[in-house]
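Written out below as structure tokens is the structure these notes cover.
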Protein chains: 2
Amino acid sequence: MTETDPASVPERKRGSGVKMVYELLRDEILDLVLPPGSPIDEVQLAERFKMSRTPIREALVRLSGEGLIDTLPNRSTMVANIDFLNLHTFFDALVLMYRVTTRLAAQYQRPEDLVAIRAAQARFTAAAEAGDALAMIATNAALHAAIAEAGRNPYYISLFNRLLDEGRRILRLYYQSYGDRLPQQFVDEHEDMIAAIEARDIDAADRLAKAHAEQIVAQIQALFSRNQRHDIDL
Amino acid sequence: MTETDPASVPERKRGSGVKMVYELLRDEILDLVLPPGSPIDEVQLAERFKMSRTPIREALVRLSGEGLIDTLPNRSTMVANIDFLNLHTFFDALVLMYRVTTRLAAQYQRPEDLVAIRAAQARFTAAAEAGDALAMIATNAALHAAIAEAGRNPYYISLFNRLLDEGRRILRLYYQSYGDRLPQQFVDEHEDMIAAIEARDIDAADRLAKAHAEQIVAQIQALFSRNQRHDIDL
DNA sequence: TGTATTTTATTTGTCGACAAGAAATCGCCG
DNA sequence: CGGCGATTTCTTGTCGACAAATAAAATACA
């Protein structure tokens with residue numbers, strides 16, 4: 001299981017091994033290619049990437065620091081579970097960060113930020129029109145990350161990225177279950193938010209971000225309440 | 001330089017090495033025993049702790065993930081600098097987290113939380129009465145960490161701890177410069193906050209936390225404006 | 001046949017050594 | 001005497017191997 005390009009690493013530069021493993025493993029976790037609870041075998045990864053266990057372990061330590069994997073001392077290490085029982089803490093933090101980062105973006109945006117934001121929005125719109133749920137999930141996170149960057153608060157950026165990552169896993173589950181039914185609504189809401197940011201209208205940015213976030217949260221909550229009869233085998 | 005107990009590690013259990021190095025290095029960084037910009041030499045640490053470079057490196061990767069050290073690829077690694085030019089982002093996030101965590105503590109506190117909070121407050125009061133600035137810094141952070149724990153939002157707890165860590169470094173600088181002049185005011189403000197948490201008065205908790213945070217921020221800002229003539233050689 | 005104990009097997013944590021990269025040093029030539 | 005390239009040095013990144021810790025399997029015993 002978890003097969004991926006076994007013949008794409010003939011030679012590789014000195015510091016690139018860890019980064020490669022880190023990013024690929026991270027993507028696989030966030031896209032649920034490695035679902036929560038999946039065991040992670042160092043030696044297996046070492047063979048797969050044709051490198052020693054040392055850089056693998058460094059990548060795993062990094063991922064562990066971000067809470068994406070859990071490590072049992074002296075025993076197995078596995079993909080971190082999604083804490084469904086405390087999702088409200090996630091939603092709470094997510095809504096707050098949506099608001100704060102969008103506010104700050106409206107306050108501190110520079111022209112180059114808007115270029116990046118619009119580019120991300122274009123990618124999101126394309127994904128939405130193509131009906132590509134996976135791309136929508138990724139580009140939505142990227143868009144909001146770009147907005148957060150414009151706010152220029154590294155502490156918020158860091159926490160928000162972590163929340164967006166976790167959100168990718170949860171949304172992945174969402175679209176996985178409900179056959180990629182995608183709301184055009186998101187595109188419009190994003191447009192309004194970007195317009196408020198560009199106009200430096202802080203209050204409007206805050207209000208729109210709050211509505212946007214709460215709408216997403218409500219959708220996810222509706223999904224989970226409809227799905228509670230299903231076994232969530234994690 | 002950086003001499004510390006060279007003869008205290010005769011034998012040690014299997015997984016304890018990294019943890020020990022991590023915690024000790026972390027404390028030394030936060031207490032400015034290792035000031036920002038200090039070079040960190042792996043082999044030197046390895047000799048100092050009588051262990052291989054491997055566990056040292058793992059501890060360093062952890063610290064790097066928390067932003068406490070910066071690593072130049074293939075080149076030196078050193079204690080992360082304090083970004084004085086963007087302190088406002090720190091203050092902004094700090095005030096917000098003070099408020100949010102205190103609010104949530106008032107909302108979700110349980111009896112055992114109050115026990116922990118009161119214990120932390122007692123330690124802080126003792127440090128304040130003893131005029132021990134270093135202990136005040138550490139116990140103040142511990143008190144607010146305990147309050148955050150009562151709020152039970154792991155995302156907030158994580159970010160707040162990071163902010164409190166950075167705050168420890170900044171406050172350390174503060175008291176270093178100003179000869180341990182300590183405000184009794186903090187003790188009283190803490191008492192009021194704890195009372196609001198205990199009474200589950202969310203609005204009061206929020207208001208008090210905001211005032212408390214902004215007061216601390218104002219003090220630090222006053223310090224830096226008075227100190228701008230001094231060279232800050234970091 | 002069920003349970004406790006020893007043995008095996010698997011996986012992690014640690015080690016010492018080597019090689020690559022980059023700065024500092026040295027030597028060469030103008 | 002000064003600039004420039006080669007060499008040396010020093011630190012990091014990677015490797016393969018070994019040892020400890022734990023779970024699973026096998027064995028002994030009641």
Side-chain angles (χ1 to χ4, degrees), chain A residues 1-2 6 8-26 29 34 36-80, chain B residues 1-2 6 8-26 28-29 34 36-81:
Chain A
M1 52 201 76
T2 75
S8 66
V9 274
E11 270 178 55
R12 135 183 52 75
K13 265 174 244 157
R14 196 171 145 84
S16 69
V18 278
K19 191 182 173 191
M20 174 186 203
V21 175
Y22 166 79
E23 289 176 351
L24 196 135
L25 222 47
R26 191 187 121 103
I29 292 173
L34 294 176
S38 301
I40 293 183
D41 186 357
E42 297 177 1
V43 39
Q44 184 178 320
L45 286 171
E47 292 170 0
R48 177 174 158 197
F49 289 101
K50 306 257 194 300
M51 62 176 75
S52 151
R53 276 176 50 225
T54 309
I56 306 282
R57 279 177 69 85
E58 180 173 333
L60 293 184
V61 170
R62 274 231 183 73
L63 291 169
S64 166
E66 298 178 26
L68 291 179
I69 65 177
D70 288 333
T71 300
L72 282 292
N74 277 319
R75 212 71 215 126
S76 69
T77 143
M78 55 192 196
V79 178
Chain B
M1 51 203 77
T2 75
S8 67
V9 274
E11 270 178 54
R12 128 186 58 73
K13 264 175 245 158
R14 194 170 147 85
S16 70
V18 277
K19 191 182 172 192
M20 172 185 203
V21 175
Y22 166 79
E23 290 176 350
L24 196 135
L25 223 46
R26 191 186 124 100
E28 289 193 350
I29 292 174
L34 295 176
S38 302
I40 294 184
D41 187 356
E42 296 177 1
V43 41
Q44 183 178 322
L45 286 171
E47 292 171 359
R48 176 173 157 199
F49 290 101
K50 305 255 194 303
M51 62 176 76
S52 153
R53 274 176 51 225
T54 308
I56 306 283
R57 278 176 69 86
E58 180 174 333
L60 293 184
V61 170
R62 275 232 183 74
L63 291 169
S64 166
E66 298 177 27
L68 292 179
I69 65 177
D70 288 334
T71 300
L72 282 293
N74 276 321
R75 212 74 212 125
S76 68
T77 142
M78 54 192 195
V79 177
N81 284 335

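Please read all numbers here as calculations on a predicted model, not as lab measurements. Values below: all heavy atoms of this structure, side chains included; hydrogens, waters and symmetry mates excluded. Sequence lines set the chain letters: A, B, ... in the order given, protein chains first and strands last, and positions in each chain run from 1.
Within the 4.0 Å cut-off from OP1 or OP2 of C:dG13, at least one side-chain nitrogen or oxygen of A:R57 is found.
The side-chain heavy atoms of A:L24 and A:R48, taken from C-beta on, include a pair separated by under 4.5 Å. Between A:T54 and B:T54 the shortest side-chain heavy-atom distance does not fall below 4.5 Å. The closest side-chain heavy-atom distance from B:L25 to B:L34 is below 4.5 Å.
In this structure, the CG atom of B:D70 is 17 Å from the C1' atom of D:dT11, given to the nearest Å. Spacing between atom NZ of B:K19 and atom P of C:dG13 amounts to 14 Å, rounded to whole angstrom units. Rounded to whole angstrom, the span from the CD atom of A:E42 across to the P atom of C:dT14 amounts to 12 Å. Between A:K13 atom NZ and D:dT14 atom P the separation is 13 Å, expressed in whole Å. The CE atom of B:M78 sits 13 Å away from the P atom of D:dT12 (whole-angstrom rounding). Rounded to a whole Å, the CZ atom of B:F49 is 14 Å from the P atom of C:dT14. The separation between B:E47 atom CD and D:dC10 atom C1' is 13 Å, rounded to whole Å. In this structure, the CD1 atom of A:I56 is 9 Å from the P atom of D:dC15, given to the nearest Å.
Looking at the side chain of B:R53, the nearest of the listed nucleotides D:dG16, C:dG13, D:dT12 is D:dT12. For A:R75, the listed nucleotide lying nearest its side chain is C:dT11; candidates were D:dC15, C:dT11, D:dT12. Distances were taken from every side-chain heavy atom of A:R14 (C-beta onward) to each of D:dT14, C:dG21, C:dT12; the shortest belongs to C:dG21. For B:P55, counting side-chain heavy atoms from C-beta on, the closest listed nucleotide (C:dG21, D:dC15, C:dC15) is C:dC15. Taking the side chain of A:N74 as heavy atoms from C-beta on, and the options D:dC15, D:dA17, D:dA21, the nearest nucleotide is D:dA21. If you check C:dG13, D:dT14, C:dC15 against the side chain of B:M51, the one that comes closest is C:dC15. Relative to the side chain of A:T54, the nucleotides D:dT11, D:dT14, C:dG16 differ in distance, and D:dT14 lies closest.
Position along DNA chain D of the nearest nucleotide to A:V18 versus A:P73 favours A:V18 as the more 5'-ward residue.
Within the 4.0 angstrom heavy-atom criterion, only backbone atoms of the sugar-phosphate kind lie near B:T77; the bases stay farther away. Residue B:I40 is in sugar-phosphate contact alone, with no base atom involved, counting any heavy-atom pair closer than 4.0 Å across all strands shown. In this structure, A:E58 reaches neither bases nor backbone, as no heavy-atom distance under 4.0 Å exists between it and the strands shown.
A salt bridge (charged side-chain N to carboxylate O under 4.0 Å, His left out) with A:R53 is found for one member of A:E42, A:E47, A:E58 and no other, namely A:E42.
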request  = Could you give me the CA-CA distance, side-chain angles and deciding distance for A:M51 and A:V21, then say whether side chain to side chain contact (heavy atoms under 4.5 Å, CB included) is met?
outcome  = CA-CA 10 Å; A:M51 62 176 75; A:V21 175; 4.0 Å; yes
